[in-house]
Asker: 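One structure follows; several queries about it will come next.
Because the structure is a prediction, the values reported are computed rather than measured.
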Amino acid sequence: MATPQPTESTVVVEGQTLFYRQAEPAQQAPKLTVLLLHGIRFSSDTWLQLRTLATLAENGYRAVAIDLPGLGRSKDAVAPAHVGQPAPGAFLKAVSEALCLGPAVVISPSLSGMYSLPFLFQHNHLLKAYVPVAPICTEKFMAEQYTQIKTPTLIVYGDQDVELGQASLNNLRHIPEHQVLVLQGAGHACYLDKPDEWHRGLLAFLQQLE
């Protein structure tokens with residue numbers, strides 16, 4: 001079977017140039033599209049090196065990983081909000097439209113919660129599913145708001161992540177249709193500590209959505 005090779009490109013979103021990587025199935029139309037965001041010390045390169053992009057493509061999914069504004073190879077782009085403040089949900093909507101994602105599964109670790117959570121609440125129809133990985137900003141929304149969300153959600157965290165992991169779980173578990181994936185022995189960037197378990201759990205969740 002041909003191994004999908006991730007490609008690199010840029011896209012203009014709200015007047016800002018963003019870098020992104022993409023991997024697609026070699027011999028079939030994608031079953032789903034997955035948008036991968038990242039934490040403050042990371043970028044789309046994290047998902048390239050971890051082989052998450054390749055793993056998703058090999059399993060039949062279109063995987064798109066962007067470098068968020070001000071970070072990675074999008075460092076010259078101006079972020080639509082200060083770090084730690086919820087960004088307008090319109091930002092990821094514009095990303096989705098610029099990259100022709102359609103309803104996508106959004107993977108959102110750590111810092112990227114400032115982008116994904118407003119997107120989840122304001123543009124729910126553009127999320128096929130939500131995979132928060134110990135994201136920030138979960139406390140900025142009320143339990144009642146979470147209970148309104150109909151999006152299938154896989155809450156991921158490392159059991160050694162005693163701060164953001166636990167705090168985000170306590171808020172996100174109010175989403176009615178949620179599952180929890182705890183990566184044992186893993187810290188805040190749990191996907192780096194336990195990549196095999198991360199990929200297994202993610203693929204199992206995606207299979208349920210097909």
Asker: Can you measure from CG (Leu53) to CD (Glu58) and round to the nearest 0.5 angstrom?
Answerer: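 If I round to the nearest 0.5 Å, the distance is 10.5 Å.
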
Asker: Does Val105 belong to the same Ile/Leu/Val/Met/Phe/Trp/Tyr cluster as Ile175, with side-chain heavy atoms less than 4.5 Å apart forming each link?
Answerer: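 In one cluster: no.
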
Asker: Pairs under 3.5 angstrom only: tabulate donor-acceptor contacts from the side chains of residues 60-70 to other protein residues two or more places apart or in another chain.
Answerer:
from: Tyr61; atom 1: OH; to: Glu210; atom 2: OE2; distance (Å): 2.4
from: Arg62; atom 1: NE; to: Gln22; atom 2: OE1; distance (Å): 2.8
from: Arg62; atom 1: NH1; to: Leu99; atom 2: O; distance (Å): 3.4
from: Arg62; atom 1: NH1; to: Cys100; atom 2: O; distance (Å): 3.1
from: Arg62; atom 1: NH2; to: Gln22; atom 2: OE1; distance (Å): 2.8
from: Arg62; atom 1: NH2; to: Leu99; atom 2: O; distance (Å): 2.8
from: Asp67; atom 1: OD1; to: Ser44; atom 2: N; distance (Å): 2.7
from: Asp67; atom 1: OD1; to: Ser44; atom 2: OG; distance (Å): 2.6
from: Asp67; atom 1: OD2; to: Arg73; atom 2: N; distance (Å): 2.6

Asker: Are Tyr20 and Leu111 connected into the same hydrophobic cluster when the rule is that any two of I, L, V, M, F, W, Y join if their side-chain heavy atoms are below 4.5 Å apart?
Answerer: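 Per the 4.5 Å side-chain linkage, Leu111 and Tyr20 are co-clustered.
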
Asker: Flag yes if Leu50 and Val106 sit in one hydrophobic cluster, no otherwise; membership is Ile, Leu, Val, Met, Phe, Trp, Tyr, and two members link when side-chain heavy atoms are under 4.5 Å apart.
Answerer: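 Shared cluster, no.
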
Asker: Out of curiosity, Ser74 OG to Leu18 CG, how far, rounded to the nearest 0.5 Å?
Answerer: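 Going from OG on Ser74 over to CG on Leu18, the span is 4.5 Å.
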
Asker: Are the side chain of His178 and the backbone N or O of Arg173 linked by a donor-acceptor pair below 3.5 Å?
Answerer: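 Checked: pair present.
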
Asker: Under the ring pair (Phe, Tyr, Trp, His ring centres under 6.0 Å) rule, collect the residues that match up with Phe91, sequence neighbours excluded.
Answerer: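 Scan of Phe91 (ring pair (Phe, Tyr, Trp, His ring centres under 6.0 Å), adjacent residues dropped) gives Tyr115.
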
Asker: Apply salt bridge (charged side-chain N to carboxylate O under 4.0 Å, His left out) to Glu144 and list each qualifying residue two or more places apart in sequence or on a separate chain.
Answerer: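 Checked Glu144 against salt bridge (charged side-chain N to carboxylate O under 4.0 Å, His left out); zero matches.
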
Asker: Let me confirm one number: the NE2-CH2 distance from His38 to Trp47, rounded to the nearest 0.5 Å.
Answerer: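 These two atoms lie 10.0 Å from each other.
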
Asker: Just jot down the side chain to side chain donor-acceptor pair (under 3.5 Å) partners of Lys93, sequence neighbours excluded, or say none.
Answerer: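 Listed in chain order: Glu97.
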
Asker: Pro109 and Ile107: which non-hydrogen atoms are nearest, and at how many Å?
Answerer: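 Shortest heavy-atom separation between Pro109 and Ile107 comes out as CD-O, 3.7 Å.
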
Asker: Examine distances only and state if a side-chain atom of Ser96 and a backbone atom of Leu92 form a donor-acceptor pair shorter than 3.5 Å.
Answerer: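 Answer holds: no.
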
Asker: Nearest 0.5 Å, please: how far is CG in Leu202 from CG in Leu206?
Answerer: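 Rounded to the nearest 0.5 Å, the CG-CG separation comes to 4.5 Å.
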
Asker: Counting only heavy atoms not in Glu163, do more than 12 fall under 6.0 Å of its CD?
Answerer: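 Not more than 12 within 6.0 Å, no.
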
Asker: Does the His199 side chain pair with the main chain of Pro195, one donor and one acceptor, at a distance under 3.5 Å?
Answerer: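 Confirmed, His199 side chain pairs with Pro195 backbone.
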
Asker: Hey, does the side chain of Lys150 reach the backbone of Glu177 with a donor-acceptor pair shorter than 3.5 angstrom?
Answerer: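 Here the side-chain-to-backbone pair does not exist.
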
Asker: With hydrophobic residues grouped by side-chain heavy-atom distances under 4.5 Å, do Val12 and Val95 end up in a single group?
Answerer: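 Per the 4.5 Å side-chain linkage, Val12 and Val95 are not co-clustered.
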
Asker: Just how far is it from atom OG1 of Thr153 to atom OH of Tyr146, taken to the nearest 0.5 Å?
Answerer: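 OH of Tyr146 is found 10.5 Å from OG1 of Thr153.
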
Asker: Under 3.5 Å, which donor-acceptor pairs do the side chains of residues 183-193 form with other protein atoms, sequence neighbours left out?
Answerer:
from: His188; atom 1: ND1; to: Asp161; atom 2: OD2; distance (Å): 2.8
from: His188; atom 1: NE2; to: Ser110; atom 2: OG; distance (Å): 2.7
from: Asp193; atom 1: OD2; to: Gly187; atom 2: N; distance (Å): 2.7

Asker: Please step through side chain to side chain contact (heavy atoms under 4.5 Å, CB included) for the pair Leu56 and Leu36, ending with a clear verdict.
Answerer: CA-CA 11 Å; Leu56 288 167; Leu36 297 110; 4.0 Å; yes

Asker: When hydrophobic residues are tied together by side-chain contacts of less than 4.5 Å, even through go-betweens, does Leu48 share a cluster with Ile40?
Answerer: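 Per the 4.5 Å side-chain linkage, Leu48 and Ile40 are not co-clustered.
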
Asker: To the nearest 0.5 Å, how far apart are CG in Leu209 and CG in Leu154?
Answerer: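 Answer rounded to 0.5 Å: 9.5 Å.
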
Asker: Please tabulate, for side-chain N and O atoms in residues 124-137, each donor-acceptor pair with protein atoms closer than 3.5 Å (sequence neighbours left out).
Answerer:
from: Asn124; atom 1: OD1; to: Thr151; atom 2: OG1; distance (Å): 3.4
from: Asn124; atom 1: ND2; to: Leu120; atom 2: O; distance (Å): 3.1
from: Asn124; atom 1: ND2; to: Thr151; atom 2: OG1; distance (Å): 2.9
from: Tyr130; atom 1: OH; to: Ser116; atom 2: OG; distance (Å): 2.7

Asker: Under 3.5 Å, is there a donor-acceptor pair linking the side chains of Asp45 and Gln49?
Answerer: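 Looking only at side-chain atoms, Gln49 and Asp45 do form a donor-acceptor pair, the distance falling under 3.5 Å.
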
